[in-house]
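Everything on this sheet refers to the single structure shown next.
No hydrogens, no waters, no symmetry mates; every other heavy atom, side chains included, goes into these values.
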Amino acid sequence: MVIMKQILILTGGSSGIGKAAAQLFAKKGFVVYELSRSGKSYDSIIHIDCDVTDEEQVNTAVAQVVEKEGRVDILLSNAGYGVSGAVEFVDTADAKRQFDVNFFGSLNIVKAVLPVMRNQKQGRIVFTSSVAAVFSIPYQAFYSASKSAINTLALALRNEVAEFGIEVTALMPGDVNTGFTAARDKKSAGEDVYTHMPKAVETMEKDEMGGMTSEYLAGQLFKVATKRNPAPLYTAGFQYKLFLFLDRLLPKRLSNWIVGKLY
């Protein structure tokens with residue numbers, strides 16, 4: 001009997017969590033298609049040039065995979081980046097760019113794979129979200145909002161596509177030590193007004209540099225992507241699971257105050 005390998009499409013796999021996930025899934029026997037602007041094919045990982053904010057590029061990339069493989073078993077929507085700065089002073093264009101990549105980029109790839117998964121009556125969509133979706137971080141409001149939007153999208157989509165045998169879930173990591181920190185688009189406008197901002201961003205980045213490894217997160221994504229009957233939302237890391245548990249118990253006024261004190 002011929003056992004068909006499962007087909008994975010992964011966005012944002014040129015570095016960090018995405019790259020580690022691509023390598024792990026390939027090691028586990030998946031056929032891995034990595035979609036990004038700056039990646040390259042290596043080993044058994046197949047790269048396709050693709051900017052997730054360009055809907056036409058996304059549709060073309062997915063069509064290439066389907067033409068070659070005939071199916072898509074798992075989509076891992078992982079592409080993203082961060083903008084930090086005071087809400088008052090971050091240009092609206094930069095805030096929109098944050099959503100274009102993190103939210104609408106995910107939407108583009110989801111819309112491209114859904115017809116394929118519906119036709120095959122099977123599929124799994126996994127979003128890389130963030131604990132920041134629940135704990136909105138000062139001076140990282142637009143990143144937090146984009147990840148909150150991802151969670152909301154995942155929950156609604158999960159119910160919409162369940163009848164087609166498609167499962168949807170999101171993983172919310174906490175701090176992770178990757179190149180994401182150095183790549184953050186840091187806006188300094190308004191530092192003379194919001195004098196706590198530099199220290200808050202510094203604290204956030206220090207936490208990230210001391211955080212979980214990409215390889216650990218890749219393992220968590222693999223578990224979520226292959227788990228039978230997955231839950232809608234997962235958290236990676238014991239302390240972050242504890243934080244979210246406490247958030248459900250505490251008044252929002254108190255939990256939000258605590259987050260403010262941390263930064």
Side-chain angles (χ1 to χ4, degrees), residues 17 21 75-78 80-84 86-87 95 98-99 102-103 106-107 110 124-162 166-178 180-181 184 196 199-201 203-214 216-263:
I17 297 170
L75 166 65
L76 176 51
S77 180
N78 173 76
Y81 83 112
V83 171
S84 67
V87 169
Q98 178 76 103
F99 271 80
N102 291 10
F103 179 76
S106 291
L107 180 62
V110 164
R124 172 90 43 104
I125 296 171
V126 181
F127 295 98
T128 301
S129 181
S130 172
V131 169
V134 178
F135 297 108
S136 191
I137 302 173
Y139 309 110
Q140 199 171 210
F142 301 109
Y143 176 79
S144 298
S146 71
K147 291 302 186 179
S148 181
I150 286 291
N151 283 8
T152 302
L153 174 66
L155 292 172
L157 182 63
R158 180 182 173 93
N159 285 330
E160 290 182 16
V161 300
I166 303 170
E167 298 168 307
V168 181
T169 187
L171 177 68
M172 298 183 290
D175 294 312
V176 187
N177 184 356
T178 69
F180 182 93
T181 301
R184 177 176 285 109
H196 290 104
K199 183 65 175 178
V201 175
T203 298
M204 176 178 62
E205 295 191 334
K206 183 179 179 181
D207 289 343
E208 289 172 348
M209 296 306 292
M212 299 172 284
T213 66
S214 297
Y216 175 78
L217 258 298
Q220 296 300 300
L221 284 168
F222 183 82
K223 287 181 181 178
V224 170
T226 58
K227 186 178 180 64
R228 184 176 181 182
N229 297 322
L233 300 172
Y234 288 95
T235 310
F238 174 76
Q239 64 177 328
Y240 304 107
K241 292 178 182 179
L242 178 61
F243 292 160
L244 289 178
F245 175 74
L246 291 175
D247 181 64
R248 290 194 291 269
L249 299 179
L250 298 174
K252 199 62 182 179
R253 179 196 297 266
L254 177 57
S255 64
N256 194 53
W257 177 83
I258 293 172
V259 171
K261 286 297 182 181
L262 291 174
Y263 296 99

Verdict with supporting geometry, N151 and L233, side chain to side chain contact (heavy atoms under 4.5 Å, CB included): CA-CA 8 Å; N151 283 8; L233 300 172; 3.9 Å; yes
[atom1] of [X] to [atom2] of [Y]: how many Å apart, nearest 0.5 Å?
X    : Y    : atom1 : atom2 : result
L171 : F127 : CG    : CZ    : 12.5 Å
L157 : T152 : CG    : OG1   : 12.0 Å
K223 : Q220 : NZ    : CD    : 5.0 Å
R124 : L75  : CZ    : CG    : 12.0 Å
L217 : T128 : CG    : OG1   : 8.0 Å
T203 : I137 : OG1   : CD1   : 11.5 Å

If every non-hydrogen atom of [X] is compared with every non-hydrogen atom of [Y], which pair is closest and at what distance?
X    : Y    : value
F142 : F99  : O-CE1, 3.8 Å
A141 : V87  : CB-CG2, 3.5 Å
A236 : M212 : O-CE, 3.6 Å
N102 : G80  : OD1-CA, 3.1 Å

message: Strictly by salt bridge (Lys or Arg N to Asp or Glu O under 4.0 Å), give each pair with a member in residues 243-252 just once, sequence neighbours left out.
response: D247-K252
Close side-chain approach of [X] and [Y], heavy atoms under 4.5 Å:
X    : Y    : result
L262 : F135 : no
R158 : I125 : no
Y234 : K241 : no
T178 : I17  : yes
P138 : H196 : no

Side-chain donor/acceptor of [X] to backbone N/O of [Y], under 3.5 Å:
X    : Y    : result
S148 : S144 : no
T169 : A231 : yes
Q98  : V83  : yes
S130 : M172 : no
R184 : G82  : no

task: Report the C-alpha distance between Y263 and V201 in whole Å, list the side-chain angles of each, state the deciding distance to 0.1 Å, and finish with yes or no for side chain to side chain contact (heavy atoms under 4.5 Å, CB included).
output: CA-CA 8 Å; Y263 296 99; V201 175; over 6 Å; no
